[in-house]
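Data block below; observations after.
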Amino acid sequence: GEIKEYYSEISFIIREYIENRYAINALELPTSEIMRSLKVDDIIKNNVQTILKKADNIKYAKGLSLEKENIESLDASIKFIKDTKLKDEEGNK
């Protein structure tokens with residue numbers, strides 16, 4: 001029963017990360033505009049687009065999601081952040 005909140009939180013985290021990491025006003029832009037502005041590898045871009053579109057569908061169209069899809073969205077979100085975060089001073093990700 002908390003699926004909308006779950007996807008709202010995932011969407012917020014991804015959008016806030018994109019805003020801070022890539023200087024894109026992601027919290028205020030629709031998913032399509034974020035995707036046009038985001039300059040990353042196509043595979044990464046497709047994965048984050050899938051996450052955000054799924055979240056949009058759940059949040060605004062009252063879509064449904066299976067437990068497996070919920071876990072996959074969270075895992076894909078974590079992978080996106082790990083794969084795109086800046087390296088620290090020691091060269092670690």
Before you tell me yes or no, could you show the steps for Asn70 and Tyr6 under side chain to side chain contact (heavy atoms under 4.5 Å, CB included), namely the whole-Å CA-CA distance, both residues' side-chain angles and the distance that decides it to 0.1 Å? CA-CA 8 Å; Asn70 301 341; Tyr6 179 82; 3.7 Å; yes

Regarding Asp75 and Lys82, does a basic nitrogen lie under 4.0 Å from an acidic carboxylate oxygen? no

Do the non-hydrogen side-chain atoms of Glu72 and Lys68 ever get within less than 4.5 Å of each other? yes

For Arg15 versus Ala26, what's the shortest heavy-atom pair and its separation? NH1-O, 3.0 Å

Side-chain touch Asn47/Phe80, heavy atoms, less than 4.5 angstrom: no

Are side-chain heavy atoms of Ile34 and Gln49 found at a separation under 4.5 Å? no

Rounded at 0.5 Å granularity, tell me how far CD1 in Ile44 sits from NZ in Lys39. 14.5 Å

Would Tyr17 end up clustered with Leu27 when hydrophobic side chains under 4.5 Å apart are linked, directly or stepwise? no

Counting C-beta onward and ignoring hydrogens, is there a side-chain heavy-atom pair between Tyr7 and Lys54 closer than 4.5 Å? yes

Minimum side-chain heavy-atom gap Glu19-Ile24 below 4.5 Å: no

Report whether Phe12 and Leu38 are members of the same hydrophobic cluster (ILVMFWY, side-chain heavy atoms less than 4.5 Å apart, transitive linking). no

Candidate pair Ile13 and Ser77, rule side chain to side chain contact (heavy atoms under 4.5 Å, CB included), full reasoning: CA-CA 9 Å; Ile13 290 167; Ser77 299; over 6 Å; no

Is Ile78 reachable from Val40 through a run of hydrophobic residues whose side-chain heavy atoms are each under 4.5 Å from the next? yes

Any side-chain heavy-atom pair from Ile10 and Leu52 closer than 4.5 angstrom? no

